[in-house]
Amino acid sequence: MAYWLFKSEPDVFSFDDLIAKGDKGEQWDGVRNYQARNNMRAMKVGERGFFYHSNIGKEVVGICEVVAPAHPDSTADDPKWECVDLKAVAWVKTAVTLDDAKAEPRLAEMILVNNSRLSVQPVSDAEWQVILDMAGGTRAI
DNA sequence: GCCAACGTTGGC
DNA sequence: GCCAACGTTGGC
């Protein structure tokens with residue numbers, strides 16, 4: 001079971017917005033980057049990822065789950081751009097900020113810390129656990 | 001609002 | 001196929 005991280009600017013699409021979509025979730029559209037798309041192609045239904053607020057907050061705020069495998073992005077004019085569907089699963093108890101992650105030696109290799117521009121990225125099992133611990137676990141949405 | 005980092009495009 | 005120019009992202 002792989003873990004992931006999804007970035008969004010909260011004034012465009014926040015974790016609250018994803019919660020509002022309910023169990024059916026919402027397609028993670030708008031990605032126009034090959035690396036990010038390839039990461040989504042590798043996802044399986046049921047896999048989970050962190051939801052990260054970029055620009056405003058710069059913190060991991062929640063956990064989401066893949067509810068549909070990669071399919072063409074309906075907002076793209078070229079079918080080569082694909083996306084998965086996501087639903088919200090839980091809040092983290094305490095948001096983990098980018099500063100927190102940078103200050104944690106066990107996260108030194110994390111893509112979030114090293115490549116700020118990749119919007120959909122894999123997270124290792126170890127990194128997943130470290131961030132969950134830093135967040136003090138989760139709470140219900 | 002600025003700018004560094006990165007990815008993509010297009011001329012050669 | 002290289003590389004300069006350009007556009008975009010996202011931290012500061």
Side-chain angles (χ1 to χ4, degrees), chain A residues 1-22 24-141:
Chain A
M1 205 65 145
Y3 295 110
W4 310 96
L5 183 143
F6 300 86
K7 271 191 212 171
S8 183
E9 297 185 42
D11 55 349
V12 178
F13 191 84
S14 70
F15 194 60
D16 276 311
D17 294 329
L18 186 62
I19 291 172
K21 299 292 176 181
K24 277 172 49 188
E26 173 80 344
Q27 72 171 356
W28 196 252
D29 57 31
V31 172
R32 302 290 182 268
N33 171 284
Y34 288 105
Q35 249 185 299
R37 183 207 63 184
N38 291 344
N39 287 333
M40 289 199 284
R41 280 184 174 171
M43 292 176 192
K44 297 185 181 69
V45 171
E47 289 183 340
R48 294 190 167 186
F50 289 125
F51 195 107
Y52 175 81
H53 280 173
S54 63
N55 268 310
I56 301 165
K58 283 172 289 177
E59 56 196 6
V60 171
V61 294
I63 292 173
C64 52
E65 183 174 312
V66 178
V67 292
H71 56 81
D73 180 341
S74 67
T75 68
D77 49 13
D78 189 326
K80 73 182 178 186
W81 297 118
E82 298 179 9
C83 62
V84 296
D85 290 2
L86 295 179
K87 72 169 182 182
V89 169
W91 293 95
V92 293
K93 263 187 192 148
T94 308
V96 177
T97 66
L98 182 60
D99 283 345
D100 294 339
K102 283 184 170 170
E104 169 52 61
R106 287 175 295 169
L107 299 179
E109 301 299 313
M110 199 175 172
I111 298 170
L112 184 69
V113 172
N114 292 315
N115 181 1
S116 59
R117 296 197 50 215
L118 184 60
S119 60
V120 179
Q121 43 184 273
V123 173
S124 75
D125 290 5
E127 290 161 355
W128 181 267
Q129 203 52 58
V130 168
I131 289 184
L132 265 189
D133 287 349
M134 291 166 79
T138 62
R139 64 186 163 84
I141 56 175

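What you are looking at is a predicted structure, and each value in this text was computed from that prediction instead of being measured. By convention in this document, chain letters (A, B, ...) are assigned in the order of the sequence lines, proteins followed by strands, and residues within each chain are numbered from 1.
- Rounded to whole angstrom, the span from the NZ atom of A/Lys7 across to the P atom of C/dT8 amounts to 17 Å.
- Judged by distance alone with a 3.5 Å cut-off, a donor-acceptor contact links the side chain of A/Arg117 to the base of C/dT8.
- The separation between A/Asn115 atom CG and C/dT8 atom C1' is 13 Å, rounded to whole Å.
- Note on A/Tyr52: a side-chain N or O is less than 4.0 Å away from OP1 or OP2 of C/dG11.
- Per the geometry, NE2 belonging to A/His53 stands 13 Å off P belonging to C/dG11, to the nearest Å.
- Checking A/Trp91, A/Phe15, A/Trp128, A/Phe6 one by one against A/Phe50, the ring-ring contact (aromatic ring centres under 6.0 Å, His included) holds for a single residue, A/Trp128.
- As rounded to whole Å, 13 Å separates atom C1' of C/dT8 from atom CZ of A/Arg32.
- Listed pair A/Lys102 / C/dC12 meets the phosphate criterion, a side-chain N or O lying under 4.0 Å from OP1 or OP2.
- Considering all non-hydrogen atoms of both residues, A/Lys93 and A/Ala135 come closest at CB-O, 3.2 Å.
- Between the OH atom of A/Tyr34 and the C1' atom of B/dT9 there is a distance of 11 Å, given to the nearest Å.
- The distance between atom CD of A/Gln121 and atom C1' of C/dT9, rounded to the nearest whole Å, is 13 Å.
- Taking atom CD of residue A/Glu9 and atom C1' of nucleotide C/dT9, one finds them 8 Å apart after rounding to whole Å.
- Between the C1' atom of C/dG11 and the CG atom of A/Leu112 lies a distance of 11 Å, rounded to the nearest Å.
- Look at A/Lys58 and you won't find any side-chain N or O under 4.0 angstrom from OP1 or OP2 of C/dG10.
- With hydrogens and angles left out, the side-chain atoms of A/Thr75 and A/Arg32 include a donor and acceptor closer than 3.5 Å.
- Nearer to the 5' terminus of DNA chain B, by closest-nucleotide assignment, is the contact made by A/Asn55 (compared with the other of A/Asn55 and A/Asn33).
- Minimum interatomic distance between A/Leu107 and A/Ala101 (heavy atoms only, all atoms of both residues): CB-O, 3.6 Å.
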